[in-house]
Protein chains: 2
Amino acid sequence: MTDKAASTQTDGRILRGEATRERVLDAAERLFAAQGFDATSIRRIAAEAGVTLGVVGFHGGAKQDLIRTVLERRVEALNSKRRARLAELRAAGSPPALRDLVDAYLTPYLEYASQGDPQWRAYARLIARIVSDDRWYPAVGGLYDPVAREYLHAMQQARPDAAQQELATALTLTVASMLSLVASRARIAGLSGRDAGSPMDYRDTLITFCLGGIDAVSRAP
Amino acid sequence: MTDKAASTQTDGRILRGEATRERVLDAAERLFAAQGFDATSIRRIAAEAGVTLGVVGFHGGAKQDLIRTVLERRVEALNSKRRARLAELRAAGSPPALRDLVDAYLTPYLEYASQGDPQWRAYARLIARIVSDDRWYPAVGGLYDPVAREYLHAMQQARPDAAQQELATALTLTVASMLSLVASRARIAGLSGRDAGSPMDYRDTLITFCLGGIDAVSRAP
DNA sequence: GTCTATATGTAGATAGAC
DNA sequence: GTCTATCTACATATAGAC
C-alpha cells in the first residue's frame, strides 16, 4: 500500500529499513492471527517487533491499511501455487478429475498452515479468521476469489450435469471445512477427544469428506 | 451469572428491572453478533439498549461475564430442541438413519438463524462467531459439546464399521459447514454469484453435502 | 528511517447520589 | 435499579527532532 520506504531507494540495495518493515509486518501478522484485528493494538505490534510506535505507523500506515498490507504481501504465493497445480492438471490432458481438483485447491493452503515457519502458519490462520468474517470479507475476498472461481469452472466441466448453483455452494462449504481445520483447532480437538495435530494430518479425511459432499450434491436431482 | 436483580424480588412479579435486563442482553447480543466481542464497547451496548453505562455493568457485570450471560440465556433452547429430535428418532425404533441424524442436528440451528425474530438470528450469528474461534472455544465449547457428542455416538451406531476418529472429524467438518452458512454469508454470496438468501434456503444442499461427506469418510479404508 | 513526545479520543470499571 | 461522575488505563494517529 504505502511504499514510502521503497521510494527512497534508487538502486536495488535493500537497507535496514526493509528488514525493519518485515519485522513489523511479521509481528502484525502473528498478532492479528492469534487474537484478531480488534484485540490487537498497534502498541503491542510495535513491542513484538522491537520498534517504537511511530515506526509501525510509518511502515504500516493506519491500522486497516496495515492488515491489508500484511495479507497482500503473501497473497500471490498461495494464488500462484493453486494456479500452477490447476495448470498441471489441465496439461495432463482431458478435463481433470474432481478429486484432483479438490486436492489441488486444498493442499497448498494446508501446507502453509502446517509448515515449520511460524510466520506462514500465522498467515494461514489470519486468512481463516478474516475470510470467514462477513465484516472483513468485502475488503479481502477479492484477493482469493478469482482463483476459486477458476476451480469452480473446472469443477463444472468435471460435472457438466450438476446444477451450477449447487456446485458453487458445495465449493463454499468445502472452503469452510478447510478453513475450520486452521481456525477452529480447539473445537475439533474438543469434539474428537484428541489433541489436534497439524492441519495436514487431516488432509486425507478432509479431501474424502469434501469430495463425497461435492459428489453427492452434484448428483442430486 | 449475576442475579442481583432477581434477588431483590421476593414474589413472582417481574418489575421493570427484568425488562431492562433483557434490553441490555438483547443489545449486547446484537452487537457482539454483528461486530464481535473486541469491537463492541460497553458504552455502545448501553446506547443501543437505551440505558446508561452503569446499568450495563449492574446487569452484565464485567464484559466477559456479559457475553457468557448472553450465550447461556438461550443455550438450553437449542440443546433441548436437538435432544428432543434425537429422542424422537430413537423412539421410532431401531438405530436412526444417518441422514435423519444429520438433519436433526443441523435444522434447529438453521431455523434459529433464519427466524423472523432478529434477536434469535443474532444469537445464531454470535454462536457461529464464538464457537469457531479458538480464543473463545475453551470458554463456551462446553455449552454445546455434550449434545454434539450424543449425536456422535448415534452416528457411530449407524456406522459401526467406521473409524471413530474419522467419524468425529467428519462431524466437526459438518458443524463447520453449518456455521459457515451463518457466519460467512458474504463469502458464500461472493463466490456463488448470487445474493445469499436465508441459511434455511441452503438446508437441503447442506444436508446432502454433509451426508455425502460423512458417508464417504465412514466408508474409507 | 527511526525516535520521542504528545494530542485526542475512547476503553472498562466502579463509587455514591437518588 | 438507575443515574451521574469520575478514575485509570490504553487506544490511534501524527508532528517534529534527530
Side-chain angles (χ1 to χ4, degrees), chain A residues 1-28 31-32 34-70 135-136 139, chain B residues 1-28 31-32 34-70 135-136 139:
Chain A
M1 179 125 276
T2 161
D3 47 354
K4 296 175 215 162
S7 67
T8 64
Q9 307 294 327
T10 52
D11 58 357
R13 292 191 319 144
I14 303 299
L15 303 183
R16 188 160 70 100
E18 266 317 287
T20 301
R21 182 187 145 96
E22 292 304 303
R23 282 220 318 285
V24 168
L25 295 182
D26 284 355
L31 290 170
F32 285 148
Q35 320 180 310
F37 179 79
D38 298 299
T40 302
S41 68
I42 296 187
R43 306 177 110 86
R44 183 89 204 289
I45 293 170
E48 176 94 3
V51 300
T52 56
L53 196 54
V55 177
V56 178
F58 176 78
H59 286 295
K63 201 181 173 186
Q64 300 222 348
D65 296 334
L66 179 57
I67 193 170
R68 251 200 93 88
T69 304
V70 165
R135 238 171 103 236
W136 281 100
Chain B
M1 177 126 274
T2 163
D3 46 354
K4 294 175 218 164
S7 67
T8 65
Q9 307 295 326
T10 53
D11 58 359
R13 292 192 319 144
I14 303 300
L15 304 184
R16 188 159 70 100
E18 267 315 286
T20 301
R21 183 187 144 94
E22 292 304 302
R23 283 222 316 285
V24 169
L25 296 182
D26 285 354
L31 290 170
F32 285 148
Q35 320 179 310
F37 179 78
D38 298 299
T40 302
S41 68
I42 296 187
R43 307 177 114 86
R44 184 92 204 289
I45 293 170
E48 176 96 1
V51 299
T52 56
L53 194 53
V55 177
V56 178
F58 177 77
H59 287 295
K63 200 181 174 186
Q64 299 221 348
D65 297 333
L66 179 56
I67 192 171
R68 250 200 93 89
T69 304
V70 165
R135 239 172 102 235
W136 281 101

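Atom set for the values below is all heavy atoms of this structure, side chains included, hydrogens, waters and symmetry mates excluded. Every chain is numbered from 1, with letters handed out A, B, ... down the list of sequences.
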Does Arg135(A) CZ have over 12 foreign heavy atoms under 6.0 Å away?
-> yes
Grab the CG-P distance between Leu31(A) and dA11(D) for me, whole Å please.
-> 12 Å
Can you measure from NE2 (His59(A)) to CG (Leu25(A)) and round to the nearest 0.5 angstrom?
-> 8.5 Å
Gap between atoms CG and P, on Leu53(B) and dT10(C) respectively (whole Å) = 14 Å
Which nucleotide, dT2(C), dT2(D), dT6(D), lies nearest any side-chain atom of Arg43(B)?
-> dT6(D)
Between dT10(C) atom C1' and Lys63(A) atom NZ, what is the distance in whole Å?
-> 13 Å
In a check of side-chain contact (heavy atoms from CB on, under 4.5 Å) between Arg21(B) and each of Val51(B), Val55(B), Thr69(B), which one passes?
-> Thr69(B)
Rounded to whole Å, CG of Asp38(A) lies from C1' of dC10(D) at a distance of 15 Å
Rounded interatomic separation in angstrom, taking NE2 from His59(A) and P from dA13(D) | 17 Å
Rounded to the nearest Å, what distance is computed from the CD1 atom of residue Ile45(B) to the P atom of nucleotide dA13(C)?
-> 11 Å
Between the side chain of Arg68(B) and the main-chain N/O of Ala139(B), is any donor-acceptor distance below 3.5 Å?
-> yes
How long is the line joining CZ of Arg44(B) and P of dT10(C), in whole Å?
-> 13 Å
d(CZ, Phe37(B); C1', dA11(C)) in whole Å = 12 Å
Are OP1 or OP2 of dT10(C) and a side-chain N or O of Ser41(B) less than 4.0 angstrom apart?
-> no
Looking across every strand, which nucleic acid part, if any, lies under 4.0 Å from Thr52(B) by heavy atom: base, sugar-phosphate, or nothing?
-> base
From dG12(C), dA13(C), dC3(D), nucleotide with atom closest to Val55(B) side chain = dC3(D)
Any donor-acceptor N/O pair under 3.5 Å between dG1(C) base and Arg21(A) side chain | no
Closest of dT2(C), dA13(D), dT2(D) to the Phe58(A) side chain is dT2(C)
Residues, nucleotides or ligands: over 12 heavy atoms within 6.0 Å of Arg44(A) CZ | no
